[in-house]
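The structure under discussion appears below in the form of structure tokens.
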Amino acid sequence: MAVWSTTNIREITASKRIDSEFFHPKYLLAESLVNSLEDVIPLGQIGKFKIGPFGSAFHVKNYDKASEYRYIRGKDVKPFQLLNDDNVYMPEKDFIRLSKYAVQEDDLLISVVGTLGNVAIVPDDVKGIFSCKSTIFRDSTVSPTYLLAYFNTKYGKECLLRRQRGAVQTGLNKEDLKTVPVPVFNDEIHKQIGGNVKKAISLGRKSQELYQQAITLLEKELGLDKIAFEKPKSYTASFREVLAFSRIDGEHFQPKFRKIREVIENYKNGFERLSSNIKVVKPDYQLKNHPTNTIQYIELSNINPSMGYIDRIEEMDVKKAPSRAKRMVFTGDVIASSVVGSVDKAGLVSETENGHIASNGFFQFRSDYYSPEFLLLLIKSNFVKEQFHQQSTGGILSAVPDQNLKYIIIPKIDVALQNQITELVKESHIKVRESKQLLEQAKNRVEELIEAVATK
């Protein structure tokens with residue numbers, strides 16, 4: 001069925017835009033609601049913009065894991081906060097050379113290429129350079145934490161996205177961003193909303209610290225924190241190994257995989273196969289037997305890769321559900337991607353997701369022996385993820401076949417240490433849920449203030 005909308009020639013002339021997306025009804029409605037408020041100021045009048053370095057100013061080959069200076073990529077700019085997992089860093093000499101592009105505390109980073117319209121705030125402990133795929137907004141006369149909440153509402157987001165340009169690769173430019181309308185309320189409201197955002201970000205960072213403590217405990221116990229994994233130019237494998245694993249591809253026999261297995265096999269408390277005390281649940285749920293007309297669906301993109309929780313859920317009609325929706329998950333299950341390119345996507349099913357449906361692109365692990373939190377950390381640990389890499393098959397889209405899970409081994413960690421790790425992960429997830437709730441409250445408050453005008 002054809003869908004269309006109309007606009008006045010006067011609006012086209014005034015905006016100097018002729019692309020239909022700019023006049024999409026959802027964007028027009030959002031902006032008209034914002035502009036109906038008493039005090040609305042264009043973004044360009046309340047602060048300054050700065051564009052990141054273009055071209056060959058910075059190269060991937062310059063990444064330096066030992067450095068403290070971060071290179072903030074476009075994909076690192078997430079709603080509200082910067083991604084704090086899989087960060088990349090640059091040598092000090094490059095940071096000095098590009099210092100005019102250094103971020104400052106309370107800068108707002110707006111993603112302007114690729115994934116558009118994400119807005120995050122820069123915390124006080126980040127030293128780094130931002131890329132050309134994001135734009136800095138700083139020196140605002142309005143609370144940056146209030147602005148952060150506004151731009152993460154549906155209205156702020158749509159006012160940003162309305163200004164995208166381009167066909168094959170869309171983007172946001174500085175001049176267009178200057179025209180984004182910003183509703184301004186009194187200082188008390190800004191303080192209240194900004195306070196919730198600050199508290200939420202603080203909780204989020206504390207959550208990450210606790211989770212990292214748990215990872216560090218596990219890696220130190222095994223001594224993996226002292227091992228440097230480097231890929232040599234050449235290496236060999238015995239004919240016996242080739243026969244044992246029925247593999248002839250060189251990737252399978254990388255020395256780092258052998259080193260990891262040696263560490264686990266020589267662990268002081270011994271080791272066991274992953275499947276010894278962990279059940280691998282089969283994807284056999286039949287949607288035709290589902291008791292309601294809708295499902296809450298979990299796919300790979302719904303997993304937060306940094307800390308192993310399910311970030312959001314998609315509700316859909318059973319009849320429109322994808323064929324891969326074949327897993328019913330329950331509280332305490334751990335679901336982990338079987339696709340090698342996204343092995344970091346492993347999440348713990350909480351009470352909120354009990355009985356939801358997940359993609360068969362996940363493995364589904366369950367254990368009566370290990371706590372759910374410790375099981376999550378095991379599955380997300382580098383020594384298990386690297387074994388997933390080793391056991392993967394396929395070319396362009398490599399994945400781990402179910403039958404290859406029998407080759408994966410894990411150390412028998414002392415119960416006292418298991419309990420310590422469990423408590424850290426549990427507390428970490430409690431704090432991240434509190435953080436999400438506060439951010440939602442801040443967003444909802446801004447949306448309520450805007451929508452209050454429409455009801456008058």
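Starting from 1, each residue takes its place in the sequence as its number.
Side-chain atoms of Thr216 and Glu219 form no donor-acceptor pair, as typed in the model, at a separation below 3.5 Å. A donor-acceptor contact closer than 3.5 angstrom is absent between the side chains of Arg327 and Asn360. Side chain to side chain, Glu31 and Tyr155 fail the donor-acceptor criterion of an N or O pair below 3.5 Å. Tyr146 and Gln192 form no side-chain donor-acceptor contact under 3.5 Å, judged by distance and modelled atom types alone. Counted by atom type alone, Ser207 and Ser428 present one or more donor-acceptor pairs between their side chains at under 3.5 Å. No side-chain donor-acceptor contact under 3.5 Å links Tyr211 and His429. Lys345 and Asn304 form no side-chain donor-acceptor contact under 3.5 Å, judged by distance and modelled atom types alone. Between the side chains of Ser337 and Ser342, at least one donor N or O sits under 3.5 Å from an acceptor N or O.
With a 4.5 Å cut-off on side-chain heavy atoms, Leu449 and Ile193 count as touching. When side chains are defined from C-beta on, Gln387 counts as touching Ile409, because their heavy atoms get closer than 4.5 Å.
For the side-chain contact (heavy atoms from CB on, under 4.5 Å) with Ser275, the lone residue among Lys279, Glu272, Arg273 that qualifies is Arg273. Partner Val197 forms a side-chain contact (heavy atoms from CB on, under 4.5 Å) with one of Leu148, Asn152, Leu438 and no other, that one being Leu148.
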Assess the residue pair Tyr370 and Phe374 against the criterion (ring-ring contact (aromatic ring centres under 6.0 Å, His included)); give the C-alpha distance rounded to whole Å, side-chain angles, the decisive distance to 0.1 Å, and a yes or no.
CA-CA 6 Å; Tyr370 295 115; Phe374 182 75; 5.5 Å; yes
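Look at Glu221 and Lys268 and you find a salt bridge, because one of the NZ, NE, NH1 or NH2 atoms lies within 4.0 Å of a carboxylate O, short of that distance. With respect to Asp284 and Lys326, no salt bridge is recorded, no charged nitrogen being found less than 4.0 Å from a carboxylate O.
Surrounding CG of Asp125 are more than 12 heavy atoms belonging to other residues, nucleotides or ligands, all under 6.0 Å away.
Rounded to the nearest 0.5 Å, atoms CZ (Phe383) and CD1 (Ile264) are 5.5 Å apart.
Within the 3.5 Å criterion, the main-chain N or O of Gly47 finds no donor-acceptor partner in the side chain of Arg138.
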